[in-house]
J.: 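Got a structure for you, questions after.
Chain letters run A, B, ... following the sequence lines, proteins first and then strands; every chain starts at 1.
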Amino acid sequence: MAGLTQDIIIVAQADSLQEGVVAPANEQAAEAGEHATDTHATTEAHGGEEAHSAAFPPFDPSGFAGQLLWLAITFGALYLLMSRVALPQIGSIIDTRRARIEGDLAEAERLRKETEKAAAAYEAALAEARKNAQAIAEETRVSIKADIDNRRADVEAGLTTRISEAEARIAATKTAALANVDEIAADTAQAVVARVTGDATLEEARDAVAIVNRG
Amino acid sequence: MADPTKVDPIHQFALTDIVPLGEFSFTNSSLFMVLTTGLIGAYLIMSTQKRAMVPNRLQLVSEMLYEFVANMVSDSAGKAGMKFFPFVFSLFMFVLVANLFGMIPFFFTVTSHIIVTFALAMLVFIVVVVYGFWKNGFGFLRLFVPSGVPIYILPLVAVIEVISFLSRPISLSVRLFANILAGHITLKVFAGFIVSMGGLGWFALLTPLPLILTIGITALEFLVAVLQAYVFALLTSMYINDAIHPGH
């Protein structure tokens, strides 16, 4: 500050020298000297040009009341404007945005969890289905095998019956045929004997055939 | 000024009546107070009118100012200090815009008058004292009795604390006022050198020197204008913290 005031003094003095004005002769400056006892010394060298006073303006008490009044009015208005309108408005914008971002993040987290749950459910369903498929395949295989076995058993049983029936029929036929052979043989033998010996009964021929058969 | 080449670094601080009302005339100072309030109010309200979820540049500036001061208050004075946020914000914006208006040529600098800065500082002081006593009763006086100080030097420390507390409005106001005043005078003096040297024959060749200096000081003054507003608001928040939490 000290260096600066020296500058001011130098410039101020240079000014007054240039103009050739002797400051104290100025009536306003003298008046300023009266009431500006606490103001800056440099201002006295200057010579007043303003309506308010010749004193160093920032320290001039004659301007104090007016500045205080207007400061009170303007700063009061500013405070009201800020506290009632501007700051709540900006604050609500920021809060809304913060709430929105937090809400969105929570929503994203919720959706992520939901996705994970769905993925887990899908995996479980897949495993279940695979297990079921195996069981069904096994069951089907078993039932088909059982079916095949049953049918084969049925078929085999049917075949066996028919074979034994056929064998029985064959045996019966054979027996009948054999019996006919004996009859034919007896007839033939009687005829042969009758031709050779003259007589032989059918009973004697039959006995002879039976003896031959036994023999 | 009659002669435009004449350099008068003090003239810029003079009050001139615009609407003469005697003692309470509407002066150039009053005009710039009104402009300051008007600009702040208009900018903050109009730039945030749309309440856009994704802010444009103008709205972003308002939001950054808001969050800057809000963080400053809550960092220094805590959650309880936030009820003074509009007050600190108004102070910060008023000082900032008044300082920056002062950087425009031919504009009056409201904060270059001690009465203005002193009034603002006294307002802070009164708010702190009144709220301090209203909130803490006589417990507010603990502010002057730091804990952990040996009993035999406590009276001395208490006296120093009281003096430093009482000198706060002076230091707060003089810091701002002196910075702005000195800066503007320096700027004007150096700028004046350009003109005076131009008329001094061979010295005219040296005029780029003060020109460069003037440019440098202009940049410095912009920094000072912003910094002093910040310092004023920051100290206000810290003083408010004292009113809320008087125990050291």
Side-chain angles (χ1 to χ4, degrees), chain A residues 1 3-5 7-8 10-12 14-16 18-19 40 42-43 46-94 96-97 100-101, chain B residues 1-3 6-11 13-17 20-21 23-27 29-30 33-34 36-37 40-41 44-45 48-49 51-53 55 59 62-63 65-67 70 85-87 89-91 93-94 110 112-116 119-120 123 177-178 181-182 185-186 189 192 196:
Chain A
M1 243 342 246
L4 282 173
T5 41
D7 284 345
I8 300 162
I10 291 162
V11 175
D15 287 348
S16 45
Q18 271 179 357
E19 282 190 1
H40 228 282
T42 53
T43 55
H46 227 277
E49 289 171 338
E50 299 304 329
H52 271 277
S53 161
F56 185 53
F59 288 126
D60 181 5
S62 70
F64 282 4
Q67 293 195 72
L68 283 177
L69 174 74
W70 287 103
L71 179 66
I73 292 171
T74 53
F75 189 74
L78 179 68
Y79 180 77
L80 287 179
L81 213 54
M82 292 298 104
S83 60
R84 297 281 160 81
V85 187
L87 295 180
Q89 186 167 310
I90 301 174
S92 83
I93 292 171
I94 292 172
T96 310
R97 183 180 304 132
R100 169 81 176 275
I101 288 171
Chain B
M1 279 191 285
D3 180 7
K6 190 187 130 222
V7 177
D8 179 1
I10 305 302
H11 176 77
F13 304 117
L15 295 173
T16 48
D17 288 356
L21 300 166
E23 186 84 327
F24 300 114
S25 298
F26 188 82
T27 61
S29 169
S30 323
M33 290 177 189
V34 171
T36 300
T37 294
I40 298 168
L44 290 179
I45 292 168
T48 56
Q49 199 74 65
R51 296 167 173 269
M53 188 58 78
Q59 187 183 326
S62 294
E63 288 177 14
L65 286 166
Y66 179 99
E67 296 204 305
F85 169 58
F87 177 59
F89 188 83
S90 305
L91 278 174
M93 289 306 291
F94 191 84
V110 174
S112 69
H113 278 239
I114 183 75
I115 186 66
V116 173
L120 293 176
L123 184 62
F177 153 76
L181 182 82
I185 291 174
T186 317
V189 166
S196 350

J.: Any idea which of B:I114, B:L21, B:V110 has the most non-hydrogen atom pairs under 4.5 angstrom with chain A?
T.: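 Most heavy-atom pairs under 4.5 Å with chain A: B:I114.
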J.: With a 4.5 angstrom heavy-atom cut-off, is it the side chain or the backbone of A:L68 that approaches chain B, or both, or neither?
T.: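 The side chain, not the backbone.
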J.: Taking the side chain from B:Q59 and the backbone from B:A52, do they hold a donor-acceptor pair closer than 3.5 Å?
T.: yes
J.: Given the side-chain rings of A:F59 and B:F177, with only the six-membered ring counted for Trp, is the space between their centroids under 6.0 Å?
T.: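 Ring centroids of A:F59 and B:F177 are less than 6.0 Å from each other.
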J.: Counting only N and O atoms by type, is there a donor-acceptor contact under 3.5 Å from the side chain of A:W70 to the main-chain atoms of B:T27?
T.: no
J.: Quick one: of A:A72, A:A77, A:G91, who has the most non-hydrogen atom pairs under 4.5 Å with chain B?
T.: A:G91
J.: Which one, B:A119, B:A70, B:P55, leads in non-hydrogen pairs under 4.5 Å with chain A?
T.: B:P55
J.: Counting only non-hydrogen atoms closer than 4.5 Å, does B:L91 touch chain A with its backbone (N, CA, C, O), its side chain (CB onward), both, or neither?
T.: both
J.: Who wins among B:T36, B:L65, B:L120 for the most heavy-atom pairs under 4.5 Å with chain A?
T.: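 It is B:L120.
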J.: For B:F94, which atoms come within 4.5 Å of any heavy atom of chain A: side chain, backbone, both, or neither?
T.: both
J.: Could you tell me the separation between the CE atom of A:M82 and the CG atom of A:L78, rounded to the nearest 0.5 Å?
T.: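 Nearest 0.5 Å value for the CE-CG distance: 5.0 Å.
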J.: So which part of B:P20 gets closer than 4.5 Å to some heavy atom of chain A, the side chain, the backbone, both or neither?
T.: neither
J.: Does B:H113 reach the main-chain N or O of B:F13 with its side chain, forming a donor-acceptor pair under 3.5 Å?
T.: yes
J.: Rounded to the nearest 0.5 Å, how far does CZ of B:R51 lie from CD of A:Q89?
T.: 4.5 Å
J.: Check whether the ring centres of B:F85 and B:Y66 lie less than 6.0 Å apart, and answer yes or no.
T.: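 Yes, they do, as the ring centres are separated by less than 6.0 Å.
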J.: Check each atom of B:S29 against the heavy atoms of chain A and say whether the ones under 4.5 Å are side chain, backbone, both or neither.
T.: side chain
J.: Taking every heavy-atom pair that is under 4.5 Å apart, which of A:A86, A:A65, A:S92 has the most such pairs with chain B?
T.: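 Among the listed options, the one with the most contacts to chain B is A:A65.
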J.: Taking B:F26's backbone N and O only, do any of them form a donor-acceptor pair with B:S30's side chain (distance below 3.5 Å, no angle check)?
T.: no
J.: Measuring heavy-atom distances to chain B, does A:L69 have an atom under 4.5 Å in its side chain, in its backbone, in both, or in neither?
T.: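 For A:L69, the contact with chain B is made by the side chain alone.
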J.: So which part of B:F87 gets closer than 4.5 Å to some heavy atom of chain A, the side chain, the backbone, both or neither?
T.: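 Answer is both: backbone and side chain atoms of B:F87 are under 4.5 Å from chain A.
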